[in-house]
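Report on the following structure.
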2 protein chains.
Amino acid sequence: MPRAGLSQDAVVRIAADLVDAGGPTGLADLTLAKVAATAGVATPSLYKHVGSLAALRRHVALVALADLTTRSAAVTVGRSGPDALRALAREWRAFARQRPGLYAAVQLAPDPDAPEEAEHRAAAARVVALVAAVLHGFDLADDRMIDAIRAVRAGIHGFVVLELAGGFRLPEDLDRSFDTLIDMLVAGVLKLGGDDA
Amino acid sequence: MPRAGLSQDAVVRIAADLVDAGGPTGLADLTLAKVAATAGVATPSLYKHVGSLAALRRHVALVALADLTTRSAAVTVGRSGPDALRALAREWRAFARQRPGLYAAVQLAPDPDAPEEAEHRAAAARVVALVAAVLHGFDLADDRMIDAIRAVRAGIHGFVVLELAGGFRLPEDLDRSFDTLIDMLVAGVLKLGGDDA
DNA sequence: ACTCTTTGGCTAATGGTGTTAGCTTCACGG
DNA sequence: CCGTGAAGCTAACACCATTAGCCAAAGAGT
């Protein structure tokens, strides 16, 4: 009979913790039953705060995006050019390693049409805009900018995904391999600016 | 009372078709019930041919890896250096676009310890070895080779994953963006060789 | 202070999933 | 012609998300 005092934020927070604790597959393993259990509540009660399991996953994606965005912003402030890009890449990877579940949630792409996912799209656009801002210091032509953003996102994301999934043998030397990749991207983006100038 | 005449291969083939037809989420959406339905058989009957849903997914991953490997090998034969690397990258992306569900299955990482997944590990190693073979033409020092392989895999995989997930707005210009990324990787690997020589 | 409305919890029920156990029956080998 | 193994089946169990409907707690208004 006493009330648990839940709220949408509380439920999402619990879900985010569960996802985070579940490692790279934490998002896929997320279940309303587990959330309800740790909240000390019956499963259907969650529907008073959250529309569905899919919606809860999207909310988790939102907090993940927000976290990644603020972390990335914090680490690139005051830097520019290659320096900023390196810092961004390092922080991105650090986030993925520290919170693998949440990083997987970032990967969740919002539906481009669904109106209720507008906030999600905005959050996703925010982190892409951050990459754009960092790359702005490279003085690229507008039509090359988009290629550069995509290349950088692809490189960093690909490495992090493969690392998290255990796609690389030999746990050592991963840092150097990552640095090598970032060097390639930095050099590539620099060259992209140089060609057009 | 008549017998359906199934076999492990037949079940896996049906599953692979379902995964392929299901788009990028086809692997996650794979269900024993659907396989049984298209096979014209009751769900539990599948256990006579397949250990579990997870095992079936791994078998699908195996056919996906085999397909990707033969396609990649076919397209790089007779080429070397940047030419081979470009062909490999293009084919990789083409595979992902033509068979998004199977590409997701490729992403399934085998357990490094489980003995029953040895074949899976071998298949995964085979496709990585193919990348190594292509990069062999770049004349890298041994300790730089691994960095180059990882960078190339990360770049291609990252781009393809983001593209499949709908992470890129503006469907046009994707080809040019991909070429830009590959140019960066080719230049980066070349430079890696030049520095050490 | 008493009511009335909202809201956050509950139980019950439905339809879906994977998985196990145990039975039957087909197809083949001695 | 029988026996044995494999390939189907049904029944059952344990989970899952989701919906419907009820009930009581907390707060608003007089």
Task: R86(B)/D183(B) salt bridge by N-O under 4.0 Å criterion - done: yes

Task: Atom CD of E119(A) with >12 non-hydrogen neighbours under 6.0 angstrom - done: no

Open item on the list: Walk along nucleotides 10-21 of chain D from 5' to 3' and tag each nucleotide B, S or - by protein heavy-atom contact under 4.0 Å, base first, then sugar-phosphate.
Closed with: BB----SSBB--

Task: Donor on one side chain, acceptor on other, D173(A) and S177(A), under 3.5 Å - done: no

Task: Residue pair T180(A) / R144(B), side-chain heavy-atom distance below 4.5 Å - done: yes

Task: Beyond-backbone contact of Q107(A) with H157(A), side-chain heavy atoms, under 4.5 angstrom - done: yes

Open item on the list: So, OP1 or OP2 of dG8(D): does either fall under 4.0 Å of a side-chain N or O from H49(B)?
Closed with: yes

